[in-house]
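All figures in this text were calculated on a predicted structure; none of them were measured in a lab. Every chain is numbered from 1, with letters handed out A, B, ... down the list of sequences.
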Protein chains: 2
Amino acid sequence: MKEKDLRRSLSVLPIGTVMKLTSLTARQIRYYEEQGLVSPERNDGNRRMYSLNDIDVILEIKDYLDEGLNIAKIQEIYKKRKEDNKNNDTKELTDQEARKILSDELLNIGGLNSHDAANNSF
Amino acid sequence: MKEKDLRRSLSVLPIGTVMKLTSLTARQIRYYEEQGLVSPERNDGNRRMYSLNDIDVILEIKDYLDEGLNIAKIQEIYKKRKEDNKNNDTKELTDQEARKILSDELLNIGGLNSHDAANNSF
DNA sequence: ATTTAATGTAATAACTTCTAACATATTATG
DNA sequence: CATAATATGTTAGAAGTTATTACATTAAAT
């Protein structure tokens, strides 16, 4: 399920959309970024562009805050989570996976646009 | 597979994103709309907002044009397709489906925002 | 009583999109 | 061939959206 991951990490949503999807204000969303909890990409005009993964993170932050955690605690959670992932990333990448990745890279030279992009369902 | 359909029909992408994703100009994208081939929603500020389904349609239009079809032909294709769907929509909705829909409606009172929305993966 | 944390608000600049109109290039048709 | 139609380009001005920065405010912690 590689394409799904791709989809979910495409940065295509402007902050206004994120506001609607999360019921947060722009101020809040930017503040969480300021605190290192999200890192949206920027388009050529310096506008923040969010991915579905970003949305998930933001909704999670919202939940934690609703539960009474403060930003500092949430930062700890994410730091810990990142370390846990480190202990997986290196192990996960082997054999079949490596072949798959190589193959994907070869197939995707030229970027998102060939006709196949359509059938990727985005 | 109801949530996926929901996701795919959420109108959250501004035209700039659609341009990047399709390699088309704003002029082209608006022209296809003018010709009745796509119907993006509008946000409160009258900006077009596209869904993933819209993107698929637009990419399909692009393909047809590349293959040498003109807009008129493409319009016919979509008209025919719409009629075919009519002969399914009424048949498809039965039994299990109906129960599922009812249940979904009950669970979703209040809209997109409750905590569950996060776990819906958007 | 203060400080800190999270969010609100305001101002200004820059970016993005909208509509409408006219231009152009390519294809179709008499 | 000449003309009409199709698809797209370009431009201009208005309006919507987002960015940054700074100051204000409310609630919680010390």
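Nearest nucleotide to the B/Ile15 side chain, out of D/dT8, C/dT17, D/dC23: C/dT17.
Distances shorter than 4.0 Å separate some side-chain N or O of A/Asn43 from OP1 or OP2 on C/dT16. Using a 4.0 Å cut-off, some side-chain N or O of B/Arg48 falls inside it from OP1 or OP2 of C/dC18. Between A/Arg42 and the phosphate of D/dT20, there is a side-chain N or O to OP1/OP2 separation shorter than 4.0 Å.
Nearest-nucleotide assignment on DNA chain C puts the 5′-proximal partner with A/Asn70, out of A/Asn70 and A/Asn46. Taking the nucleotide of DNA chain C with the nearest heavy atom to each of B/Gly16 and A/Gln28, the more 5' of the two is matched to A/Gln28.
Annotation: the terminal axes of the helix from C/dA1-D/dT30 to C/dG30-D/dC1 meet at 20°, where each axis is the rotation carrying the C1' atoms of four end pairs onto the next four (5 pairs per end, rounded to 10°).
For the segment residues 31-38 of chain A, the set of residues with a heavy atom within less than 4.0 Å of an atom of DNA chain C comprises A/Tyr31, A/Tyr32, in numerical order.
Taking atom CZ on A/Arg27 and atom P on C/dA6, their separation rounds to 11 Å, with Å as the unit.
Residue contacts shown for B/Arg30 include a base, since a base heavy atom lies under 4.0 Å away.
Judged by distance alone with a 3.5 Å cut-off, a donor-acceptor contact links the side chain of A/Arg47 to the base of C/dA14.
At distances below 3.5 Å, not a single donor-acceptor pair connects side-chain atoms of A/Arg27 with backbone N or O atoms of A/Thr25.
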